Amino acid sequence: TGPSFICSAPGKPLLMTQPPLRIGILGLGSLGSVLAWHWRDLPLVALPRDQHSACNLKVQVQQQLWQQTLPCWQGEALDWLVICTKAAATQTALTPWRNHLTAVKNILLVQNGMGQQQQLADWLQEQQLPCQLWAGMSTEGAYRADDRVVYAGQGDNLIGRWGTEITDADHAVVTPPHTRIVNNIASQLRTKLAINAVINPLTAQLRCHNGELLQNPLYRQQLDALSTEIAGLYACLGWPEAAGLVERVQQVAAATAANQSSTLQDVLHNRPTELPYICGYLLKIAAEKNYALPLTTALYQQLHEISA
Ligand code: KPL
């Protein structure tokens, strides 16, 4: 947002600059670090686990290495608190900051998976915190390599209000740079959920890059069978994203062919995966409808065993 003009007296414009957005970031992994790089000219603060250290960031963008230290949030007013932790860590990471949250206007969750958005909405209401809750879906490409995060591919960061339609008042909110407001964020999240529910567990189980799911005929069969199973659940739930879902998963596997999915990276580094908020979430809603997901169930169980 650039400067805007208002007229103090006819013919005498008074230059008004918008104060820079104050943003706090919780979760400075690959995506959080890339967003910090996008917002490097703004006054950023970090919400570290120990609640007092500054955070050192290193992001490699093409051949350039960007390094910055973000101070720890002391409870000063924030326009946006952006949460990029793993879905399962949301509540544990946020709760220690409870007393500062009255100073936050908007909370934005940008994570894989579903279920955590509503859990947070319920918690904010229970705590009587008036922050506006937003959910986001990112297609930025980034991965951790040694001591740095590598920004591997530019993507979109779509955001929308959680649990409600976008209003005129929301459109008037100044959103963080490199984000775009959409009216159908829940739909975007459901499509991404299906993509992650197919590509992530399969690549983790088969230990392959995303593109091999298309190139290897046996893997390709599994890809299509799993996508078809999930499209069936979406159709049963009346979710319009069911249409074209199998093709959409294929397109994303092709577009991210050289990627190691985030779940494969987690498994290879012995980290907890996001599958409970991806496959686990789908299995829970399928069970509520008595809808069987045999392929998803088997894959989820096997991967639980691998990462347990
Ligand atoms: O979101 C992804 C992930 O790995 O988590 C995809 C889209 C599958 C790209 O790798």
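Computed over heavy atoms, backbone and side chain alike; hydrogens, waters and symmetry mates excluded. These numbers come from a predicted model, not from an experiment. Just so you know, ligand 1 is whichever comes first in the structure, and atom 1 is the first atom listed for that ligand.
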Please determine whether side-chain hydrogen bond (donor to acceptor under 3.5 Å, both in side chains) holds for the pair Gln127 and Arg98, giving the CA-CA distance in whole Å, both sets of side-chain angles, and the decisive distance to 0.1 Å.
CA-CA 9 Å; Gln127 299 286 315; Arg98 161 69 188 84; 2.5 Å; yes
Using a strict 4.0 Å threshold on nitrogen-to-oxygen distance, state whether Arg190 and Glu241 make a salt bridge.
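Glu241 and Arg190: salt-bridged.
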Glu140 and His38: side chain donor to acceptor below 3.5 Å:
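Short answer, yes.
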Which protein residues have a heavy atom closer than 4.0 Å to any atom of ligand 1, listed by chain and number?
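Shell around ligand 1 (4.0 Å, heavy atoms): Asn112, Lys192, Asn196, Ile199, Asn200, Asn210, Val252, Asn259, Ser261, Ser262.
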For Glu288, does the CD atom sit with more than 12 other heavy atoms under 6.0 Å from it, leaving out its own atoms?
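Atom CD in Glu288 is packed in, count exceeds 12.
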Answer with yes or no whether the hydrophobic clustering places Val267 together with Tyr143; edges join I, L, V, M, F, W, Y residues whose side-chain heavy atoms lie under 4.5 Å apart.
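No, Val267 and Tyr143 fall in different hydrophobic clusters.
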Test salt bridge (Lys or Arg N to Asp or Glu O under 4.0 Å) applied to Arg248 - qualifying residues, sequence neighbours left out:
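If we apply the salt bridge (Lys or Arg N to Asp or Glu O under 4.0 Å) test to Arg248, skipping adjacent residues, there are no hits.
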